[in-house]
Amino acid sequence: MTERVLEISKLHKSYGDHKVLNGVDLDLNGGDVISIIGSSGSGKTTLLRCVNLLEEFQEGVIKIDGREIGYSNSKGKRSKVNNKQVTKDRALTGMVFQSFNLFPHLSAAENIMLALRKVQKKSKKESAEIAQHWLERVGLPDRGSSFPGQLSGGQQQRVAIARAIAMNPKLMLFDEVTSALDPELINEVLDVIKSLAVEGMTMLIVTHEMRFAYEVSKKVIFMNDGVIAEQGTPDEIFKNASSERLTAFLKNTRF
Amino acid sequence: MDFYIDYSVITSSLGILFHALGIDLYMTLFSVVLGTLIGLVVAFALVSERRIFRILSGTYVAVIRNVPLLIIVLFIYFGLPDAGFVFSEIPSFIFALTIYAGAYVAEVFRGGILAIHKGVGEAGMAIGMSNLQIIIFIKIPILIRSTMPALSSTYISIFKDASVAAIISVPELTFHIRKINLETFRTIEAWSTATVFYVVSCFLIAFLLRRVERRVAIPK
Ligand SMILES: Nc1ncnc2c1ncn2[C@@H]1O[C@H](COP(=O)(O)OP(=O)(O)OP(=O)(O)O)[C@@H](O)[C@H]1O
Ligand SMILES: [Mg+2]
């Protein structure tokens with residue numbers, strides 16, 4: 001499992017005149033877990049949203065399993081692929097959001113089943129089995145019939161992880177998935193992510209939980225002002241921070 | 001001349017009055033169902049990213065909501081035949097009331113769409129659903145549940161507005177009450193009966209809608 005899953009090169013993104021990403025290069029091999037840290041506004045969320053094609057970007061190439069997503073380049077001319085292809089490309093990655101974003105009108109199991117049925121066209125029975133499998137996997141075997149409003153934040157987030165991963169994506173993207181949680185609920189979510197890492201899931205994780213990043217990652221990336229300012233093994237980043245910026249950032253975070 | 005109350009003119013026509021009320025309910029049901037479908041489409045057009053959709057839907061809603069129902073009814077009843085479309089009274093009125101309901105329902109739904117958390121749609125996108133699938137399987141079900149209380153009161157207003165059909169001689173409740181009034185001069189009896197009919201009907205409709213509301217409510 002060392003094939004290249006994600007390849008980001010020279011990614012530039014701006015909102016109007018406001019440059020948010022200034023040439024990001026990043027590669028992930030199968031089974032890699034990479035954490036992204038950095039101060040607020042440095043472009044971490046935007047980077048993940050570009051990979052999930054929730055945002056358009058002006059320059060650069062994102063490849064998944066060696067194929068460019070979202071845009072096509074023919075004869076040096078770059079153009080957006082059609083909506084149908086965007087939808088397909090987007091399904092290659094699973095994304096988990098800070099705010100859970102479960103479908104409030106569906107039970108936990110139905111949340112997981114919806115896209116299995118409508119996108120992957122699986123039968124109701126098979127979808128239900130997959131949903132149950134993942135509910136068990138995230139530690140909620142008997143909450144399938146609960147609605148989001150009846151679950152705690154930590155439980156909702158675990159359902160959201162199950163919903164994303166049940167689609168069998170090549171790559172999982174996590175955007176500060178514990179930031180909206182009460183402290184006592186954070187670990188149950190991080191433990192699920194850790195167990196996915198152990199199983200070899202390829203993951204790109206934006207987080208403010210430094211100890212978690214240290215423990216789970218193969219590589220840690222420090223973003224600053226829309227570029228990757230520093231990257232290295234967890235030890236290199238957390239124990240031997242060299243640059244002034246990173247040292248200053250780490251000083252203001254809990255470990 | 002002595003003043004006295006005599007409801008016999010009413011009791012002798014109760015059958016007709018109930019039938020007339022049935023016509024009101026029938027026209028309301030049609031208009032509410034069709035108006036809700038129109039309202040749903042128009043509401044999504046109102047918040048569309050496409051300018052042309054916003055302009056068309058915005059014009060429809062603005063015009064209809066700023067014209068009295070009576071004018072719309074007369075316009076359609078007398079205007080359409082001139083343009084070569086001939087309808088009898090009831091279909092013509094249902095048409096008018098549907099157009100009218102559509103605009104009001106669209107406004108209710110528009111508010112509901114804006115209230116849906118943006119992340120819910122993005123979560124649908126992230127798991128590979130198309131925009132249409134997100135609208136059909138996520139946004140509309142949330143919308144109907146969250147706007148049910150507001151929809152209920154719109155529907156009840158529409159029911160009361162069905163009385164406007166009297167103006168084009170649809171034999172519905174208000175039309176018959178007015179007829180009894182004119183033929184018997186039992187003014188108080190006639191209009192107090194109308195009041196009771198409308199109050200009780202609205203109460204029952206509200207009761208039914210409240211049950212629907214509770215059934216579809218998002219569990220908390
Ligand atoms: N939709 C948008 N329109 C305009 N500017 C935006 C938009 N989304 C983000 N930005 C800007 O882009 C920059 C990067 O934002 P981003 O959300 O990627 O930062 P972040 O690193 O995730 O920060 P945080 O740690 O606070 O989540 C910020 O300056 C932000 O104001
Ligand atoms: Mg962010």
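For clarity, every value in this text was computed on a predicted model and none was experimentally measured. The chains referred to below are lettered A, B, ... by the order of the sequence lines, with proteins before strands, and numbering in each begins at 1.
Contact count versus chain B (heavy atoms, under 4.5 Å) is highest, among A/L54, A/L53, A/L151, A/L116, for A/L54. Counting heavy-atom pairs closer than 4.5 Å to chain A, the top residue among B/G124, B/P219, B/A126, B/G119 is B/P219.
Screening residues 27-41 of chain B for side chain to side chain donor-acceptor pair (under 3.5 Å), with sequence neighbours left out, gives B/T36-B/Y155.
Of all heavy-atom pairs spanning A/A91 and B/G128, the tightest one is CB-CA, 4.1 Å. Taking each heavy atom of B/A123 and A/F97 in turn, the nearest pair found is CA-CE1, 3.8 Å.
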If the cut-off is 3.5 angstrom, what donor-acceptor pairs do you find between chain B and chain A?
unit_1: B/G119; atom_1: O; unit_2: A/N101; atom_2: ND2; d: 3.1
unit_1: B/E122; atom_1: OE1; unit_2: A/R49; atom_2: NH1; d: 2.8
unit_1: B/E122; atom_1: OE2; unit_2: A/R49; atom_2: NH1; d: 3.3
unit_1: B/E122; atom_1: OE2; unit_2: A/R49; atom_2: NH2; d: 2.7
unit_1: B/Q133; atom_1: NE2; unit_2: A/K118; atom_2: O; d: 3.0
unit_1: B/F137; atom_1: O; unit_2: A/H105; atom_2: NE2; d: 3.1

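For B/F30, the CZ atom is loosely surrounded, since the number of other residues' heavy atoms within 6.0 Å does not exceed 12.
Between A/F103 and the options B/I138, B/I134, B/I218, a side-chain contact (heavy atoms from CB on, under 4.5 Å) holds for only B/I138.
Using a 4.5 Å heavy-atom cutoff, the side chains of A/L114 and B/M129 are in contact.
Interface residue A/L102: only backbone heavy atoms are found under 4.5 Å from chain B.
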